[in-house]
Amino acid sequence: MVQLKQQTYTTYLQNQFDLDGDGALTSFMTRQRGELMLGGRVNLNVLAQQYGAPLEVVYTPQITTQVSRMQAWAAQARASSAYPGRFLYAYATKANFAAEAVETALRAGVHYETSAAADVTIARSLYRQGLLPTDRLICCNGSKEPNYLEAIRGLRLDGCTNVIPVLDDLAELEALLDTSAPLRFGVRERAAGNRDGRHPGNDRFGLTSAEIEVAAERIANSQHDLVLYHAMVGSQIEDEAHFLATLRESVAGYCRLRRRVPSLRYFNFGGGIPTAGYRLDFAFDYAGFLTRLMHEIKATCAAYDVPPPDLIGEFGRYTVATHSVYLLEVGAVKAGQPGEPDWYLINGSMMVTLPDALLVEGQEFVIFPLTDWDRPVRPVRLAGRRTCDSDDVYPRPDAPPLMLPDTGAGLVLAICGVGAYQQMISGRGGAHHCLSPEPGRVIISELDGRLQTRYVPQQDQASIMELLGYQPQRFPVPLEIERRTPVPVMARRRLAQRPSRQARASAQME
Ligand SMILES: Cc1ncc(COP(=O)(O)O)c(C=O)c1O
């Protein structure tokens, strides 16, 4: 305990994670001259000073980086395994439907994966605008209610030949068979869903092998084609060997079907590729995984004497988890129970901001303090001050506490890895737990090589109340008293030199 108290945050990171506190901390975060930089370009310390916390920082070029890194690893894998098929990167839009995320991913060259009727509607509108080019595949997954099926049919009849309904049920096939234009179908293998026993709930998706046979037969006797075999193992699979071993039987399933269905040409392993946004000790050899997967597929295809398929991955959290960060400030410290860590009470809600911390067992997020890396660390738990809920804590009571500088009130934390699923689960723009308003949001995007910033102010309380059916309030909710955290002298000087608010918005990125 005595030894822990003497550790600074910097030495803690050195001892625990072999990070020296300068330069790269993760694949998306660096520290330069004592300040945290998202994607190497966005200075979070300066943004916290400029806009205050709580704040959401959305940096869409990180999405482009994620996509191009994966494309490069796949190119490397194809070269070293001499894989003849193509590698197609699809973005699983369910991870983050925000227009800035979807449009950035599309500009980076991704194909599209949908999960709902509204999702297809968005795709159709992007298709109409030319933002979703005609050569991109649109794989439609999930159980399909009639409106989802209608949306798919509508998109196909709009001329989109690359929309691929991936059958989750034979009834979906029956509903779509009479579509007047030829459709390209996929089948989702049900067995892949929980072959490893680690993903109960995933095995509700898809068709049994007997149902796949029926689907193949029905499609063969129609004007449509069966082109895709989908086998998804799970999400955030960090054990490469296990990922590959679990896919092995699905690849054989593809090959068996391919022998009878010559139109089959895509093997889609769905999601599962992990993000670096959750743990500082994260390691995954993406290129190595793809190389081994391509080797395996090639060998299995050779054994079955069928051509290797084009390989599709549907990247959700890998694409977007790291492009967005919450900046939350410790407002007060409350003593823990005897023998327990103290509470850092933060100006937000952990359960609204990070719902997966409650929903997914063992879910973590990478968290850095913006300042005070030379101060001693102390074990703490974070508690959302804007709700009065005993579940509004992070880490969960059964997980070890966080080690953070002992600064207490005024310390601003960067909560990373929040760009995937968190907002989609909590909702965006609604009424949240204890009427906690959504923080202001800075959206930084890149156009023609230049960074642009858009600021969306904190959600206002009056509109939240209106959503809940109240008349406009006679007594407005008191505004937050503006507080600013101290910033290092260097950052203050740089801020002082900024000519205008507008110019500042772009200047903080470099
Ligand atoms: C069919 C399908 N594809 C892709 C994904 C994205 O998964 P991940 O976020 O692990 O990449 C999901 C997630 O639930 C999914 O259901």
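Only this structure's heavy atoms are used, side chains among them; waters, hydrogens and symmetry mates stay out. Values in this document were obtained by computation on a predicted structure and should not be read as measured data. Every number for a ligand or one of its atoms is a count from 1 in the order of the listing.
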Can you list the atoms of ligand 1 that are under 4.0 Å from a heavy atom of A92?
4 (C), 5 (C), 6 (C)
When N268 is tested against each of R188, E314, E113 for side-chain hydrogen bond (donor to acceptor under 3.5 Å, both in side chains), which residue passes?
E314
Tell me whether Q129 at atom CD has more than 12 heavy atoms from other residues, nucleotides or ligands lying less than 6.0 Å away.
yes
Would you please indicate if the ring centroids of Y59 and F28 are separated by under 6.0 Å?
no
Does a side-chain heavy-atom distance below 4.5 Å link L247 with L293?
yes
Determine, considering heavy atoms only, which of K94, E113, H230, E314 sits nearest to atom 12 (C) of ligand 1.
K94
Got more than 12 heavy atoms from elsewhere within 6.0 Å of CZ, R279?
yes
So between F205, Y91, F315, Y421, whose heavy atom ends up nearest atom 6 (C) of ligand 1?
Y421
Protein contact of atom 10 (O) of ligand 1 - nearest heavy atom, named by residue and atom, plus distance
S235 OG, 2.5 Å
Regarding ligand 1, does G316 bring an N or O atom to under 3.5 Å of one of the ligand's N or O atoms?
yes
Is it the case that ligand 1 has an N or O less than 3.5 angstrom from some N or O of Y318?
no
Under a heavy-atom criterion of less than 4.0 Å, does A95 contact ligand 1?
no
R188 heavy atoms, cut-off 4.0 Å: which ligand 1 atoms fall inside?
1 (C)
Do you see a donor-acceptor pair shorter than 3.5 Å between the side chains of Y286 and R69?
no
When you compare ligand 1 with R317, is there at least one nitrogen or oxygen pair between them that comes in under 3.5 angstrom?
yes
For the residue pair F284 and F282, categorise the inter-ring angle as parallel (less than 30°), tilted (30 to 60°) or perpendicular (more than 60°).
parallel
Could an N or O of ligand 1 be found under 3.5 Å from any N or O of G234, whether backbone or side chain?
no
Ligand 1 atoms in contact with N141 (distance to a heavy atom under 4.0 Å)
1 (C)
Determine yes or no for a side-chain-to-main-chain donor-acceptor pair under 3.5 angstrom, with K144 supplying the side chain and V166 the backbone.
yes
